Every structure is written in structure tokens, then in C-alpha cells.
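Below is one structure, written out as C-alpha cells; comments come after it.
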Amino acid sequence: MESEDDVVKKTRTMQARARSISHNVRCTECGSQSIEDSQADIAILLRKLIRDEIQSGKTDKEIYKKLEDEFGETVLYAPKFDLQTAALWLSPLIVAGGAVGVWAFNKHKKQTNVHIMALNLVRGVSLTPKEKETMLDLLTPPPSEGTTRSWWRRWQGQ
């Protein structure tokens with residue numbers, strides 16, 4: 001025979017598990033709330049279903065699988081990673097990589113002055129730092145006053 005303390009512990013453990021699962025399941029009627037926070041009829045039924053499944057000895061994974069099979073993948077807050085959701089999961093990395101690439105290209109473009117490189121090739125001897133500075137002063141156009149450059153032109157380095 002189980003003591004009263006064991007029964008209370010078992011009940012609390014079951015309720016904590018049910019709440020944990022309920023927080024990760026989206027209410028199909030509300031959409032923006034978990035079934036734990038929703039008072040919609042379907043949410044109440046799903047919470048009861050989860051408690052019944054726990055009492056029958058099912059694991060969390062089996063319960064999530066059953067909910068996904070019955071209501072679709074959108075019922076879970078964390079979609080699984082597969083070929084269909086790969087773009088969703090990888091798009092932040094692709095965008096960040098593209099931004100870093102553009103930044104690196106623009107930085108490289110500013111540091112590389114084609115005119116000085118051409119003069120080095122023609123003369124066969126590298127310019128001295130003073131000559132490089134003089135060339136950059138001569139070749140760099142003055143900043144235009146009164147007109148602000150658009151973000152697009154700044155992004156392209158023009």
C-alpha cells in the first residue's frame with residue numbers, strides 16, 4: 001500500500017508534467033496562447049487528454065506525437081527540424097552571413113585603392129607612405145556639402 005505522502009507526490013509530479021506539456025502546446029482556438037493559459041473549451045479538453053495520457057503511462061514524446069498527429073504540427077510551439085522547415089531555421093544564419101559578406105567587401109574595397117596599386121605596377125617600385133598619402137588626397141573626392149547620401153548609395157560604397 002502506498003502511503004498518503006507517496007500518493008500526494010505522485011499526483012504533484014503528474015500535475016507538473018501535465019503543466020509542462022500544456023505550456024508547449026498551442027491552443028487551436030486562440031492560436032496565441034498555450035492550452036495551459038487558455039480557457040477555451042478545446043484547451044480544457046486537451047489538458048484533460050494530456051492528464052489521461054499521463055495516467056495511462058505514456059511518455060511526453062508519445063503525448064506530443066499524438067497531439068501532432070491529431071491536430072497537425074502547428075499545435076506544437078517548437079516545430080521539428082526537417083527539410084520543409086530548414087529554410088525557417090537557417091534563414092537568420094544566411095541573412096547574417098550575407099550581411100557580414102557585404103560588410104567585409106565594403107571594408108576591403110575602402111582599403112584597396114586601385115590607383116595606387118596601378119602606380120606601383122607601372123613604376124615597379126612601391127610608393128612611399130608620404131606618396132601614398134599625397135595620392136589619396138588627390139584622388140579622394142571632397143565630401144559633398146548639403147546633400148545627404150541615401151542608405152543605398154552608402155551601402156554600395158558610392
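Since the structure is predicted, the reported quantities are computational estimates derived from the model, not experimental observations.
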- Query: Do the side chain of Thr134 and the main chain of Lys130 share a donor and acceptor less than 3.5 angstrom apart?
  - Reply: yes

List the atom pairs, donor and acceptor, that lie under 3.5 Å between side-chain atoms in residues 43-53 and the rest of the protein, sequence neighbours left out.
unit_1, atom_1, unit_2, atom_2, d
Arg47, NH1, Ile35, O, 2.4
Arg47, NH1, Ser38, O, 2.8
Lys48, NZ, Asp52, OD2, 3.2
Glu53, OE1, Lys58, NZ, 3.0
Glu53, OE2, Lys66, NZ, 2.9

- From the options Cys27, Ser20, Ser22, select the one residue that forms a side-chain contact (heavy atoms from CB on, under 4.5 Å) with Glu36. Ser22

- Non-hydrogen atoms of Arg17 and Ile63 that approach each other most closely: NH2-CD1, 4.2 Å

- State which residues pass salt bridge (Lys or Arg N to Asp or Glu O under 4.0 Å) with Asp69; sequence neighbours excluded, sorted by chain then number. Lys65

- Closest heavy-atom pair and its distance - Tyr64, Ile21: OH-CA, 3.5 Å

- Message: If you compare all heavy atoms of Cys30 against all heavy atoms of Ala40, which two are closest, and at what distance to 0.1 Å?
- Response: SG-CB, 4.2 Å

- Task: Find out if a path of hydrophobic residues (ILVMFWY) with successive side-chain heavy-atom gaps under 4.5 Å connects Ile42 to Leu67.
- Result: yes

- Note on the structure: Between the NZ atom in Lys10 and the CD atom in Gln15, the distance rounded to the nearest 0.5 Å is 13.0 Å

- Task: For residues Glu62 and Thr59, report the shortest heavy-atom separation together with the two atoms involved.
- Result: OE1-N, 2.9 Å

